[in-house]
Each structure stands twice: as structure tokens, then as C-alpha cells.
Amino acid sequence: ADSGDADVELPTIRHQPEGLEQLLVRTKFTKTELQSLYRGFKNECPSGLVDEETFTLIYSRFFPQGDASSYAHFLFDAFDADRNGALCFQDFAVGLSVLLRGTEQQKLKWTFDLYDVNKDGYVTKEVTVGDTGGLVGWGHPDGDLPAPCVPQDMLEIMKSIYAMMGRCTEPTLGASAPAQHVELFFQKMDRNRDGVVTFEEFLATCQE
């Protein structure tokens, strides 16, 4: 029997409970598209699982002029829907389906979740941790949080994007450029001026 890639039944590798039929339901890809995606995924990741280090190496190939490692970290977290520290083909296919074939609201929700670094439901500005572990700076709906929960969403994302672009930016931007970009983002998105952006605010602004 021919066991070539063209006849592969998705997927038959470890830690992957879903098959082709389930992915046809969960994504907007055709059977042929899923098989093609799977061949590419299997070629890059024979084990069927991608850890963050491997993901970063693959993603960094597209941005040789800069340092894509920080942005790759955020992107990896966005694809890692079950938060288990590894991407399987399902994670990849479902995320890609949203980005390529999703509704406007689905794409915006995916983008918002990418910006929501600590996954608390809000996009926040940078805050500073004081000696006591309390938060100083922009507020947060949950009040003072312990140091491990410090939200630094938007500034960290912007820093990672500028680092990834590297020498592509003309003219060369100063160290303050990411913070200035964050200010503009919040001026536009933070409708009630409470220092955080909710998905509802993000959605409403983007759809104007």
C-alpha cells in the first residue's frame, strides 16, 4: 500500500487526539488544504510537536535583519491555545484558519489575545513594580497585583516588534519609539480612560 504523504490521514502522531474530520469542522480549510498544511508541518516538525525554541528558530528566518525572539514568544503563546507549552498541528491549523479565513471579529479577538500578554482580559500599559511588590503607574481593574502578575502588555509587544524589524525602519527610531507608539494606541483605544483596553473597546475602535 502506498503510504506517501498524499494519502496521510490527519493526524497520526503523538499527543494529537483530533483527526481530519474534526479539523474540517473546527477550521475553514478543505481536506486538500489541511493535508498540504500537515505535510509542511510534519516536514518542519517530525515529532508532531513544536516547542517555543523551535518555533522561534523557524519564525526568525523571516526577519534576519532583526531580533524576532521576543515577538515569537508572544506569537507562540497566541497559537498555544491549551497553554501546554507545545504546539501540535491542531493548534497551528485552528490559529491559521482564524487569521486567514476568520470573520473580522474573530481576527480582532485573536489579535487582542496576542496583545493581552498575561491573559487577564485587558491590554495594559507598562507598570513598575515597587519594592513591596505593589504596582505603581497605570491602574488595573484588579487593583494591586503581586509581582508575578505584573501586566506589561502593550509596551512589551511594541518593543518586540521594533526589535524584530531591526534595520528595516527608516529613519532609525530612537529608544522612546515603542513607548510613543503605546501612547498613541491608548489614546485611540482606551475610550473610558481607565488605563486599560478591554476587548469591547478594541473591537469598537477597530470597526469604526
Side-chain angles (χ1 to χ4, degrees), residues 5 8 10-64 66-124 149 151-166 185 197-199 202-203 206:
D5 284 341
V8 69
L10 296 177
T12 57
I13 51 184
R14 67 176 185 270
H15 303 303
Q16 299 214 155
E18 291 184 52
L20 176 59
E21 294 305 318
Q22 289 90 339
L23 284 173
L24 284 170
V25 172
R26 293 189 62 193
T27 71
K28 295 185 178 180
F29 294 124
T30 65
K31 178 179 178 180
T32 301
E33 288 171 333
L34 283 169
Q35 288 176 326
S36 177
L37 285 171
Y38 182 63
R39 284 195 294 272
F41 186 88
K42 189 176 70 170
N43 184 58
E44 290 285 352
C45 318
S47 71
L49 291 174
V50 184
D51 60 17
E52 185 173 334
E53 182 180 1
T54 303
F55 181 86
T56 299
L57 288 173
I58 295 171
Y59 189 74
S60 295
R61 296 175 192 168
F62 299 100
F63 298 93
D67 179 3
S69 58
S70 292
Y71 190 76
H73 166 73
F74 298 127
L75 201 59
F76 180 88
D77 280 352
F79 274 100
D80 185 17
D82 52 11
R83 318 294 296 162
N84 68 352
L87 301 183
C88 62
F89 180 68
Q90 284 89 342
D91 293 327
F92 174 70
V94 170
L96 199 62
S97 176
V98 170
L99 291 174
L100 297 179
R101 306 276 172 84
T103 64
E104 180 184 29
Q105 183 162 336
Q106 287 172 333
K107 291 176 181 177
L108 289 173
K109 181 64 168 67
W110 196 95
T111 303
F112 180 87
D113 289 342
L114 172 68
Y115 290 160
D116 178 15
V117 174
N118 65 350
K119 311 308 177 192
D120 63 354
Y122 305 93
V123 174
T124 57
C149 299
Q152 299 178 342
D153 297 340
M154 204 60 205
L155 186 58
E156 293 307 308
I157 287 282
M158 284 301 160
K159 285 180 178 178
S160 72
I161 291 173
Y162 278 88
M164 179 174 63
M165 297 308 296
F185 176 90
V197 174
T198 65
F199 175 63
F202 183 77
L203 182 66
C206 289

With side-chain contact (heavy atoms from CB on, under 4.5 Å) as the test, would you mind laying out the steps for L37 and F89 before giving the verdict? CA-CA 9 Å; L37 285 171; F89 180 68; 3.9 Å; yes

For [X] against [Y], the heavy-atom pair lying closest together:
X: L203; Y: L108; value: CD1-CD1, 3.5 Å
X: A68; Y: F63; value: CB-CB, 4.2 Å
X: L23; Y: V94; value: CD2-CG2, 4.4 Å
X: K28; Y: G102; value: NZ-CA, 4.2 Å
X: G85; Y: D80; value: N-OD2, 2.9 Å

May I ask you to decide if I157's main-chain N or O and S160's side chain share a donor-acceptor pair within less than 3.5 Å? yes

Using modelled atom types and a 3.5 Å cut-off, is there a donor and acceptor pairing between side-chain atoms of D67 and backbone atoms of A163? no

Is any side-chain heavy atom of [X] closer than 4.5 Å to a side-chain heavy atom of [Y]?
X: L99; Y: W110; answer: yes
X: Q105; Y: F199; answer: yes
X: T56; Y: F76; answer: no

Between Y115 and V197, is the side-chain contact (heavy atoms from CB on, under 4.5 Å) condition met? List the steps. CA-CA 10 Å; Y115 290 160; V197 174; over 6 Å; no

Just how far is it from atom [atom1] of [X] to atom [atom2] of [Y], taken to the nearest 0.5 Å?
X: C206; Y: K107; atom1: SG; atom2: NZ; result: 13.0 Å
X: E156; Y: H73; atom1: CD; atom2: NE2; result: 9.5 Å
X: R83; Y: D77; atom1: CZ; atom2: CG; result: 4.5 Å
X: D82; Y: C88; atom1: CG; atom2: SG; result: 6.5 Å
X: T54; Y: L49; atom1: OG1; atom2: CG; result: 10.0 Å
X: T27; Y: L34; atom1: OG1; atom2: CG; result: 4.5 Å

So for atom CD, which belongs to E44, do other residues, nucleotides or ligands contribute more than 12 heavy atoms lying within a distance under 6.0 Å? yes

Are there over 12 heavy-atom neighbours, none belonging to E53, within less than 6.0 Å of that residue's CD? no

Angle class for the Y59/F55 ring planes (parallel below 30°, perpendicular above 60°, tilted otherwise)? parallel

side-chain contact (heavy atoms from CB on, under 4.5 Å) between V50 and F41: does it pass, once the steps are laid out? CA-CA 9 Å; V50 184; F41 186 88; 3.7 Å; yes

Take T198 and Y122, measure what side-chain contact (heavy atoms from CB on, under 4.5 Å) needs, and give me the verdict at the end. CA-CA 5 Å; T198 65; Y122 305 93; 3.9 Å; yes

If the condition is ring pair (Phe, Tyr, Trp, His ring centres under 6.0 Å), which residues does F202 pass it with, not counting sequence neighbours? F112

